[in-house]
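Residue numbers run from 1 in the order of the sequence given. The model shown is predicted, which means the values in this text are computed figures rather than measured ones.
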Amino acid sequence: MPTLGEVLPRLLQDMGIDTVFGIPGVHTVELYRGLPATNLRHITPRHEQGAGFMADGYARVTGRPAACFIISGPGMTNIATAMGQAYADSIPMLVISSVLNRDEIGRGEGRLHELKDQSATAEGVAAWSHTVMSPADLPAVLDRAAATFNSARPRPVHIELPLDVIVAEAGDLALAPSVPRRPAPDAAAIAQAADMLRGAERPLMIVGGGASGAAEAVSRLVAALGAPVVPTINAKGILPPDHPLLVGSLLPQRTILDELAAADVVLAIGTELGETDTLLMGGYPQIGGALIRIDIEAEQLTRNAAATLGIVSDAGAAATALADALQGPARQDGASRTSTLREAGLKDIDPAYAAHGRILTRLSNEFPGLIVAGDSTQPVYGANLTYDAPQPRSYFNSSTGFGTLGYGLPAASGARLACPDRPVVSLIGDGAFQFTLPELATAIELALPLPILLWNNRGYGEIKTYMAERQIPQIGVDIYTPDFQTIAKGFGAKAIHVHSLDALVDALATAFAADGPTVIELDDKEARTW
């Protein structure tokens with residue numbers, strides 16, 4: 001009779017999982033016994049944090065979760081940072097780990113990989129964590145995970161399997177999915193929202209990452225309302241760059257914050273209105289008029305800015321219903337208001353930030369379908385303001401939400417594995433690159449044609465600037481910078497240093513045609529002038 005570990009891969013396949021990121025350990029090898037009997041693809045990163053970031057990148061571009069097989073203890077703590085990033089940005093991820101035998105949990109006997117309370121550790125960066133105490137319980141737990149991914153706010157889910165349960169006889173387990181529908185909007189609330197928006201003289205829309213899978217419905221709503229639209233960073237691409245009502249992701253700009261206060265009705269869909277979108281550190285956006293919030297999570301309607309009218313719903317369903325309810329011609333002043341807001345919002349941006357947007361715009365024009373997976377690094381902060389992605393799920397980075405370093409390389413690898421027919425670029429700084437540099441070996445092993453745009457400012461440049469602006473001694477930010485060209489070649493990757501935007505375009509074309517990753521190094525001071 002098969003063990004639980006042997007059955008698990010088949011159940012994952014049955015729930016639609018097709019990729020597993022994991023590093024086998026003595027506590028998880030039983031999970032690998034059943035893999036050959038499935039179509040699951042197993043990817044071996046060099047660190048569990050890389051596994052989580054790869055699963056994150058995979059989910060960002062597909063909207064579907066991948067799984068991670070993680071050993072107990074250090075594997076769990078290693079992946080916690082990646083789970084935190086996914087939790088903050090509402091990214092689905094199924095993390096399956098081992099844990100001690102059932103009668104050893106919580107006893108503090110110094111067992112291998114023992115954590116004081118592993119489930120509690122994971123719970124802090126997951127929608128929920130569950131310990132499977134009997135093989136017969138597993139299908140129901142996986143069904144619950146599927147319900148979280150498909151019908152609620154999608155966040156990481158952690159399932160831990162005690163060592164004696166992994167090897168226990170499981171029998172013929174099968175899923176019995178009963179995935180609930182995503183919540184639809186209340187008809188009366190939609191009618192009220194439509195009345196408020198029809199009567200508004202100065203409406204404004206904010207669209208967040210929660211609507212990234214509903215671009216068509218949101219576009220219909222935008223056309224029906226005719227108001228300026230401000231997307232958050234994770235919502236870039238929902239409207240195309242040349243859309244007449246696209247203000248751009250300029251929420252942190254004083255002009256847009258003032259417009260939030262001046263608008264008589266603000267419609268916010270699928271957004272936290274959070275600190276990383278507004279850059280109001282320790283503060284909250286001021287909404288002067290009424291605020292209509294649409295979100296799949298009820299609690300979110302009360303955070304950061306209380307809703308005048310809160311609608312719990314899937315973003316696409318609500319946008320469609322509201323577009324239908326907004327009968328009559330759309331407003332005619334939206335395009336002119338948008339143009340004014342956009343011009344004013346861009347006017348005060350640092351010229352260096354404008355260069356970041358120009359570079360990515362050129363690249364997206366040269367390489368249609370381009371996906372940019374960025375880190376928390378200076379060019380990403382610039383592009384967050386000045387780059388408009390051509391389609392949803394094609395621009396994401398770790399400066400949003402959790403704000404970790406080291407994300408860009410493994411997340412780009414995950415995106416490239418999910419979308420083998422699209423050009424994918426990692427945009428990462430020299431400081432962040434050193435966080436997860438070993439994942440270069442994973443990309444080589446997989447022969448991923450992945451360009452890594454290494455933005456070299458020889459230190460932790462963004463923090464150095466932040467310290468200088470506040471007259472704080474710049475300590476700890478001028479770090480030793482290794483020879484990345486030699487390091488990349490040592491790993492077996494190609495490496496090149498480019499000195500112009502045209503040379504960068506040529507290098508990317510070559511890198512996309514290669515049979516492995518290419519480190520393309522840019523000098524910060526030089527690239528700022530492009």
Side-chain angles (χ1 to χ4, degrees), residues 47 49-50 52-57 59-60 78-91 125 209 232-236 249 251-252 272 274-281 349-350 352-353 355-357 359-360 371-387 389 394-415 424-440 452-469 474 476-479 481 484 521-522 524 527-528:
H47 189 281
Q49 188 178 103
F53 286 151
M54 288 179 194
D56 180 302
R60 299 246 188 185
N78 284 347
I79 200 174
T81 296
M83 292 175 67
Q85 185 70 45
Y87 181 88
D89 283 344
S90 302
I91 303 301
V125 287
T232 67
I233 296 161
N234 284 324
K236 282 182 182 290
S249 300
L251 263 180
E272 292 180 320
E275 187 176 80
T276 54
D277 284 315
T278 61
L279 296 186
L280 291 170
M281 300 302 176
I349 290 178
D350 185 323
Y353 279 10
H356 303 144
I359 292 170
L360 289 192
I371 295 171
V372 179
D375 213 278
S376 184
T377 189
Q378 273 193 337
V380 162
Y381 283 105
N384 284 348
L385 294 169
T386 59
Y387 172 63
S394 62
Y395 177 83
F396 55 90
N397 58 73
S398 57
S399 77
T400 57
F402 210 43
T404 184
L405 291 175
Y407 172 88
L409 170 57
S413 297
V424 180
V425 165
S426 166
L427 176 57
I428 192 165
D430 55 291
F433 193 37
Q434 296 180 69
F435 272 57
T436 53
L437 180 58
E439 299 306 346
L440 192 56
I452 300 154
L453 303 192
L454 175 58
W455 196 281
N456 196 342
N457 57 22
R458 294 165 183 78
Y460 297 123
E462 187 69 13
I463 302 304
K464 184 176 181 178
T465 301
Y466 191 85
M467 295 168 99
E469 290 173 348
Q474 297 161 47
V477 288
D478 290 314
I479 59 174
T481 303
F484 291 110
E521 194 170 355
L522 318 174
D524 171 55
R528 284 168 183 248

Exercise. Does the distance from a Lys or Arg side-chain N to an Asp or Glu carboxylate O, for Asp478 and Lys464, drop under 4.0 Å?
Worked result: yes
Exercise. Does any N or O in the side chain of Asp524 come within less than 3.5 Å of the main-chain N or O of Asn457, such that one atom is a donor and the other an acceptor?
Worked result: no
Exercise. Between Asn234 and Thr232, does any side-chain donor sit less than 3.5 Å from a side-chain acceptor?
Worked result: no
Exercise. At what distance, to the nearest 0.5 angstrom, does CZ of Arg528 lie from CG of Leu522?
Worked result: 12.5 Å
For this session: To the nearest 0.5 Å, tell me how far Ser399 OG sits from Asp277 CG.
Result: 9.0 Å
For this session: Report yes or no: does Asp430 contribute a side-chain atom to a donor-acceptor pair with the main-chain N or O of Arg458 at less than 3.5 Å?
Result: yes
Problem set entry | Heavy-atom side-chain proximity of Ile452 to Leu440 below 4.5 angstrom | yes
For this session: Please state whether the rings of Phe53 and Tyr407 are parallel, tilted or perpendicular, taking 30° and 60° as the class boundaries.
Result: perpendicular
Exercise. Once you round to the nearest 0.5 Å, how far does CG of Leu454 lie from CG of Leu409?
Worked result: 10.5 Å
Problem set entry | Contact check, side chains of Thr436 and His47, non-hydrogen atoms, under 4.5 Å | no
Problem set entry | For the student: nearest non-hydrogen atoms of Gln85 and Asn397, plus distance | NE2-O, 4.2 Å
Problem set entry | Lys236 (side chain) donor-acceptor with Ser394 (main chain) under 3.5 angstrom | no
For this session: Kindly say whether Ser376 contributes a backbone atom to a donor-acceptor pair with the side chain of Ser398 at under 3.5 angstrom?
Result: yes
Exercise. Can you tell if the side chain of Asp89 reaches within under 4.5 Å of the side chain of Phe396, non-hydrogen atoms only?
Worked result: no
Problem set entry | Side-chain donor/acceptor of Thr377 to backbone N/O of Ile428, under 3.5 Å | no
Problem set entry | Taking every non-hydrogen atom, the tightest pair across Tyr353 and Gly382 | CG-CA, 3.4 Å
